[in-house]
Amino acid sequence: MTELPARRLLLVHAHPDDESINNGATMAKYAADGAHVTLVTCTLGEEGEVIPDELAHLAPDRENLLGPHRIGELAAAMKELGVTDHRFLGGPGRYHDSGMMGVEQNERPGAFWSADLDEAAAHLVAVIREIRPQVLVTYDPDGGYGHPDHIQAHRVALRAADLAAEPAFRRDLGEPHTIAKIYWNRVPRTVVEERFRRLDPAPFGAVAAVGDVPGVVDDERITAEIDGRPYLGRKAAAMRAHATQVEVAEGDAVFALSNGLAQPLFDIEYYELVRGEPGSAHEKDLFEGAGSPAAEGAHA
Ligand SMILES: [Zn+2]
């Protein structure tokens, strides 16, 4: 039995790279501050488009080795962020990348999109009851931008949070635990608009649009922001570790996905609290008001 740190943060993401793009600075900050940071990634991202020509052979329509390759990319990214506890939902390869909405991969056996919700959630309940996090971070009900795996990650995360707290549910998976605070990943509209206004797209040819950024909402919906400026270098390095999916420009201010369109890389990360009590009107710490964590130990 190992005693876990008093503050424990769980993040649920769809594919390797989503965690670094959305929460890289937050994860690096809390890991550096001594919190226990747990990442659960739901698929291997086998259907992602490969950016570098020299790795194009990994693609699903060629050698189909992108999944195993991305396990390595994720491990390298976690090393950059200082996060040691990262897992795949149900184990690596249990759930497959469903591809973009409407493609035939959505319904393939093992596709995360067609997974039984309670079965998938049970894998996460086991993690929640083991780690006993005070804070959960995931996507909004649209998955930020409508990708089936992101929508499903949201559903599984919220369902698992409910089931983990339910005393009658699967006691073989551990003692019931209620997560004090649940956040969705967000970006305030005026901030992203301002960043696009002064964005230098070099070395990328063209600029993405505000609508290409997941989770953009009106500013008043933002309840918490994490100042990750001291961790920008770590976040950028973690994103670069996902080399098949992400290209980061020199200076760490701009990146592009496989569409090659430049978009801002955020050193401040934003959240909307959707369950639990806020610690203050404009939180600077996701654990604010999450009880007195030092008093309730956790064992793993
Ligand atoms: Zn994704």
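Atoms considered below: every heavy atom in the structure, side chains included; atoms not considered: hydrogens, waters and symmetry mates.
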Can a donor-acceptor pair be found between the side chains of N106 and S98 at a distance below 3.5 Å? no

Are any non-hydrogen side-chain atoms of Y231 and M27 less than 4.5 angstrom apart? no

Minimum-distance pair of heavy atoms, taken over all atoms of R132 and P176: NH2-O, 3.1 Å

Is D97 reaching over with its side chain to a backbone N or O of G99, donor-acceptor style, under 3.5 angstrom? yes

Between L10 and I131, does a side-chain contact (heavy atoms from CB on, under 4.5 Å) hold up when you go through it step by step? CA-CA 8 Å; L10 171 65; I131 301 300; 5.9 Å; no

To the closest 0.5 Å, what do you measure between CD (E220) and CZ (R189)? 9.5 Å

To the nearest 0.5 Å, what is the distance between CG on L65 and CG on L58? 6.0 Å

Test salt bridge (Lys or Arg N to Asp or Glu O under 4.0 Å) applied to D53 - qualifying residues, sequence neighbours left out: none

Return yes if some donor-acceptor pair links the side-chain N/O of D212 with the main-chain N/O of A208 below 3.5 Å, else return no. no

Ring-plane angle category for Y139 and H150, please: parallel below 30°, perpendicular beyond 60°, tilted otherwise. tilted

Apply salt bridge (Lys or Arg N to Asp or Glu O under 4.0 Å) to the pair R129 and D172, showing each step before the final yes or no. CA-CA 10 Å; R129 287 181 175 176; D172 59 308; over 6 Å; no

Ring centers of Y30, H36 separated by less than 6.0 Å: no

Just do the salt bridge (Lys or Arg N to Asp or Glu O under 4.0 Å) check on R198 and E194 with the steps written out, would you? CA-CA 7 Å; R198 53 188 178 85; E194 170 60 19; 3.4 Å; yes

Between D140 and Y145, is any side-chain donor less than 3.5 angstrom from a side-chain acceptor? no

Kindly compute the distance separating NE2 (H69) from CG (L74), expressed to the nearest 0.5 Å. 12.0 Å

I want to check something: taking the side chain as every heavy atom from C-beta on, are S20 and L81 in contact at a cut-off of under 4.5 Å? yes

salt_bridge(R221, E272) N-O dist < 4.0 Å: yes

Would you compute the distance between atom CG of L124 and atom CG of L163 and round it to the nearest 0.5 angstrom? 9.5 Å

Taking all atoms of both residues into account, what is the closest heavy-atom pair of Y95 and C42, and its distance? CB-O, 3.4 Å

Note: Q152 and W113 closest approach over all heavy atoms is NE2-O, 3.5 Å

Salt bridge flag under 4.0 Å for residues R171 and E166: no

Flag side-chain contact, heavy atom, 4.5 Å: V83 against T38: no

A side-chain contact here means heavy atoms from C-beta on lying under 4.5 Å apart; do V37 and L39 qualify? no

Could you see if V137 belongs to whatever hydrophobic cluster contains I226? Use Ile, Leu, Val, Met, Phe, Trp, Tyr and a side-chain cutoff under 4.5 Å. yes

Could you measure the distance from the OG1 atom of T178 to the CZ atom of R275? Nearest 0.5 Å is fine. 9.5 Å

Do the non-hydrogen side-chain atoms of I151 and M101 ever get within less than 4.5 Å of each other? yes

Hey, is R159 close enough to D118 for a salt bridge, meaning N to O under 4.0 Å? yes

Main-chain N/O of T43 paired with H96 side-chain donor or acceptor, under 3.5 Å: no

Here the gap from E283 atom CD to T223 atom OG1, rounded to the nearest 0.5 Å, amounts to 5.5 Å

Before you tell me yes or no, could you show the steps for E269 and K235 under side-chain contact (heavy atoms from CB on, under 4.5 Å), namely the whole-Å CA-CA distance, both residues' side-chain angles and the distance that decides it to 0.1 Å? CA-CA 11 Å; E269 293 169 343; K235 174 174 181 170; 2.7 Å; yes

Please check: side-chain N/O of R195 versus main-chain N/O of A253, any donor-acceptor pairing under 3.5 Å? yes

Just by distance, with hydrogens left out, do H242 and E19 show a side-chain donor and acceptor under 3.5 Å apart? yes

Is a side-chain donor-acceptor pair under 3.5 Å present for S258 with Q245? no

State plainly whether one hydrophobic cluster holds both I179 and V40, where clusters connect Ile, Leu, Val, Met, Phe, Trp and Tyr through side-chain heavy atoms under 4.5 angstrom apart. yes

Within the supplied structure, the quantity of interest is the number of heavy atoms (other residues, nucleotides, ligands) at a distance under 6.0 Å from E49 CD; does it exceed 12? no

How about E247 and F255: do any of their side-chain heavy atoms sit closer than 4.5 Å? no

Restricting to non-hydrogen atoms, name the atom on L44 and the atom on P68 that form the minimum distance, rounded to 0.1 Å. CD1-N, 4.5 Å

Whether D218 and R186 form a salt bridge (side-chain N of Lys/Arg under 4.0 Å from carboxylate O of Asp/Glu) is what I want to check. no

Are the side chains of I222 and Y271 in touch, meaning some heavy atoms are under 4.5 Å apart? no

Atom CZ of R87 with >12 non-hydrogen neighbours under 6.0 angstrom: yes

CD/E250: more than 12 non-hydrogen atoms of other groups inside 6.0 Å: no

Grouping I, L, V, M, F, W and Y whenever their side-chain heavy atoms are under 4.5 Å apart, do L55 and I71 come out in a common cluster? no

Which atom names give the shortest non-hydrogen contact between T244 and P52, and what distance separates them? CA-CD, 3.8 Å

Common cluster, F169/L136, ILVMFWY with side-chain heavy-atom separation under 4.5 Å: no

With a 3.5 Å distance limit and no angle check, can you tell me whether Q263 reaches the backbone of A256 through a side-chain donor-acceptor pair? no

Could you walk me through whether N23 and Y183 pass the side-chain hydrogen bond (donor to acceptor under 3.5 Å, both in side chains) test, one step at a time? CA-CA 12 Å; N23 312 110; Y183 291 94; over 6 Å; no

Min side-chain heavy-atom separation F266-V192 under 4.5 Å: yes

Check step by step if ring pair (Phe, Tyr, Trp, His ring centres under 6.0 Å) holds for H147 and H15. CA-CA 11 Å; H147 190 294; H15 312 109; 4.7 Å; yes

Using a 6.0 Å cut-off, check whether atom NE2 of H57 has over 12 heavy atoms from anything other than its own residue. yes

Donor-acceptor check, side chain of K181 to backbone of L286, threshold 3.5 angstrom: yes or no? yes

Does M239 share a hydrophobic cluster with I51, counting links as ILVMFWY side-chain heavy atoms below 4.5 Å and allowing steps through other members? no

Heavy-atom closest contact (G228 atom, A25 atom, distance): CA-CB, 3.7 Å

Check D17 with R70, please: is the shortest side-chain N to carboxylate O separation under 4.0 Å? yes

Could you go through L261 and V207, starting from their C-alpha distance and side-chain angles, then the distance that decides it, and tell me whether this counts as side-chain contact (heavy atoms from CB on, under 4.5 Å)? CA-CA 5 Å; L261 300 177; V207 180; over 6 Å; no

Got a salt bridge between D85 and R8, using NZ or NE/NH1/NH2 to carboxylate O under 4.0 Å? no

Between the side chains of S114 and E107, does any donor sit under 3.5 Å from an acceptor? no

With a cut-off of 6.0 Å (strictly less than), are more than 12 heavy atoms of other residues, nucleotides or ligands near CD of E277? no

Test side-chain contact (heavy atoms from CB on, under 4.5 Å) applied to R94 and H123, step by step: CA-CA 10 Å; R94 172 67 184 81; H123 295 298; 4.1 Å; yes

